[in-house]
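See below for the structure under consideration.
So that the names make sense, note that chain A is the first sequence line, chain B the second, and so on, each numbered from 1. All values below were derived from every heavy atom in this structure, side-chain atoms included, with hydrogens, water molecules and symmetry-related copies excluded.
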Protein chains: 2
Amino acid sequence: MTSENTVQRRADLWTLDPAVTFLNHGSFGACPRAVIAHQRALQDELEREPVLFLARKLEARIDAARERTARLVGAKPEDLVFVRNATEGVNAVLRSLDLSSGDELLTTDHAYNACKNALHYVADRVGAKVVVASVPFPIDDAATVVERVLAAVTDRTKLALIDHVTSPTGIVLPVPELVAALRARGVETLVDGAHAPGMLELDLDALGAAWYTGNAHKWLCAPKGAAILHCRRDKQASLRPTVISHGANDPRAHRSRFWLEFDWGGTFDPTAVLTVPFAIDWMESLAPGGLREVRTHNHLLALEARQILCDRLGVTAPAPASMLGSLATVCLPPARGESAEKAGALPFDPLQEALFERFSIEVPVFVFGAEKLRCVRVAAQWYNHRAQYERLADALESLLAR
Amino acid sequence: MTSENTVQRRADLWTLDPAVTFLNHGSFGACPRAVIAHQRALQDELEREPVLFLARKLEARIDAARERTARLVGAKPEDLVFVRNATEGVNAVLRSLDLSSGDELLTTDHAYNACKNALHYVADRVGAKVVVASVPFPIDDAATVVERVLAAVTDRTKLALIDHVTSPTGIVLPVPELVAALRARGVETLVDGAHAPGMLELDLDALGAAWYTGNAHKWLCAPKGAAILHCRRDKQASLRPTVISHGANDPRAHRSRFWLEFDWGGTFDPTAVLTVPFAIDWMESLAPGGLREVRTHNHLLALEARQILCDRLGVTAPAPASMLGSLATVCLPPARGESAEKAGALPFDPLQEALFERFSIEVPVFVFGAEKLRCVRVAAQWYNHRAQYERLADALESLLAR
């Protein structure tokens, strides 16, 4: 049991509104006070002499940020660039593919809506096809995911877009097994690891995926505007950024075109990217066991949160604990009346609105899949604690009983 | 003559290093103290409740920023979106074109290198051709530009990419005449107005270009990460952002897909964009005559700076005053020795390095065109003053005499 002092001390490291029970670190992350301060010091330096910062010093600083970040995710700096967010990373890869009519792009029905849209965009341009493997939810084991994905592979499959941690259902897919099995069938994988850095231990070199992208602003708590895109060496020549800029004809031979193109897509504020090393070190400093201990803490707290919700709502957990990181999705029992009729309404489910408006609880509620399961997804970051999930359970009990 | 008190008071509005003679507002702009503070207050609010800010409130705030910005540039909000920078705007347009082998994309030899790269990228993918109209420099009058561009039009010309203010040569091209004349020949124009907002009076509705993009971080002094992309109504359905995200299948009918797609390209820090209205109002507040007076001040100061340099270096002005905004490029007299041999070296001309290292003057020096003219380009923003250009003239005299 975490003491009240500890709870308060941890919450104070962030600037989150104490009046809100914030259980949605998953959507946009939340940036700690110290990380924001670090970014602002860099921005002060930038605005003191913009040309010195952006034209003379930036490359070396991006290289340093790349080196520290590569170390965290088990990658070589040569294979790593920064992008604005994982959606941009996915777009860069998909828009660089050389596709033909009839080619197939494979994904699952747990994929992120924005990335499915990107798949359809590049497929529609040339008459290629998006194939969606159905992965059950609730789910019993990770092996099912591999079976379902492999069953959807054909000899026209050009790429598989696989989430490392699914966004709606919050489960960790067996990415090492999937990448290896797909590669054995001649299919390259783009891993959408939007939620992975900071939530899961990564060893991108060992993973061997052709492409891997992930956000730094979520579970590494970097400022918004920082994400990674990892590309296996043999795929770098064909990978181009979403914005073509000076890097395309930069004559310098000692930097790869991969770096030159992704490092600069026109004037931007690079301080979010340059703050990633500080954010990593800061997360490492939170506990004696470093980021590993933080990850374990968050995972256990997510499991605890799920148990509280399942017990109080009388539902069963929709996935084994081994498939969870620091997100947990729970399927809600049937509701009655107006709330049930408008379930899944856009932009917000009425239950999500009621939780926010009446209980000041920020948590996503949505409808998933063909069975239209109504779900709530909680997140567990270092600043969260057990009593917050009990508050959510109270509120859900009250709202669903009406 | 601006008094020393005024000079100091104006400089204090920015956070630029007083030890540096900063004559390169053109490359990345410079953000005033008050504008930075405004952005940070928004960022504080964002990090207090990221979901409230990004998911619940952002659209209405982007709409408000769009409305204020549209008013400044003579546009309807319906036709305006924000992008990260003008290079991204150019890429969105070019990557959305439906090109065929043999099609021609027309531009001039004063176009920005990054955008030329984007032209070549989209042309090379389908076997289209980039046609470069040669515009003389030094140049006598704006009519020459229209002649040269029109002479390069063929029946395969699909688009003309025209700079409003050229980057290397700092001249204002006759964009209204070009857009009208090209349109009369069935050619749509993409105007790269990277330097235009805040430097030139804009009336994008009246201009009638199919596409117009421009930075807010340069002459409007907004934070880095804010630019506009204007699209004529009949071209909006075919214009897609560089990053495909949720907007592509957003079912809401009361917002255009143009807005939905460009307003959200995955998680980002939108505070630069949301600060644009404050930056505009702040610029308007600088002088009794508002931004118009600031523009006139900057234009006259650029002319004065050019005269100082021409007089002291014994060269003639390479363009009529009517073709200048608040940038002025001067062609340098021939140098001797090592400096001359390494003229135009990348990333920096040795003369630019010497100006910075030995005189703490930040100003771009580069080589332009087939005749390899070595040029210096000065900028004139509200915080600049006459003595700074005299310092540059002194330093150039000293460096070029060696």
May I ask you to establish whether B/Arg240 and A/Tyr121 are in a cation-pi arrangement, using a distance under 6.0 Å from NZ or CZ to the six-membered ring centre and at most 45° from the ring axis? no

Kindly indicate whether a cation-pi arrangement holds for B/Arg56 with A/Phe356, taking the cut-offs as under 6.0 Å to the six-membered ring centre and within 45° of the axis. yes

Interchain contact, B/Arg33 with chain A, by part (heavy-atom threshold 4.5 Å): neither

Would you mind checking which part of B/Gln39 comes under 4.5 Å of any heavy atom in chain A, side chain (CB onward), backbone (N, CA, C, O), both or neither? side chain

Look at A/Asn24, A/Leu54, A/Val20 and state which one has the largest set of heavy-atom pairs under 4.5 Å with chain B. A/Leu54

What part of [X] lies closer than 4.5 angstrom to a heavy atom of chain B: side chain, backbone, both or neither?
X: A/Pro251; value: side chain
X: A/Asp44; value: both
X: A/Val51; value: both
X: A/Phe53; value: neither
X: A/Trp264; value: side chain
X: A/Arg40; value: both
X: A/Leu94; value: neither
X: A/Asn91; value: side chain
X: A/Glu362; value: side chain
X: A/Phe268; value: both

Any side-chain heavy atom of [X] within less than 4.5 Å of one from [Y]?
X: A/His246; Y: B/Tyr112; result: yes
X: B/Ile36; Y: A/Gln43; result: yes
X: B/Arg95; Y: A/Ile244; result: yes

If you count heavy-atom pairs under 4.5 Å between each of [options] and chain A, which one has the most?
options: B/Asp250, B/Val122, B/Asn85, B/Asn215; value: B/Asn85
options: B/His120, B/His25, B/His217; value: B/His217
options: B/Asp98, B/Leu16, B/Asn249, B/Thr87; value: B/Asn249
options: B/Pro50, B/Ala272, B/Ala248, B/Gly29; value: B/Pro50
options: B/Ser27, B/Ala55, B/Ala226; value: B/Ala55

Given the options B/Thr242, B/Val83, B/Val90, A/Val243 meets side chain to side chain contact (heavy atoms under 4.5 Å, CB included) only with B/Thr242

Rounded to the nearest 0.5 angstrom, the CG-CZ distance for A/Asp17 and B/Arg48 is 4.0 Å

Is a side-chain N or O of [X] found less than 3.5 angstrom from the main chain of [Y], in a donor-acceptor match?
X: B/Glu47; Y: A/Thr15; answer: no
X: A/Asn117; Y: B/Ser245; answer: yes
X: B/Arg84; Y: A/Thr267; answer: no
X: B/Asp269; Y: A/Lys224; answer: no

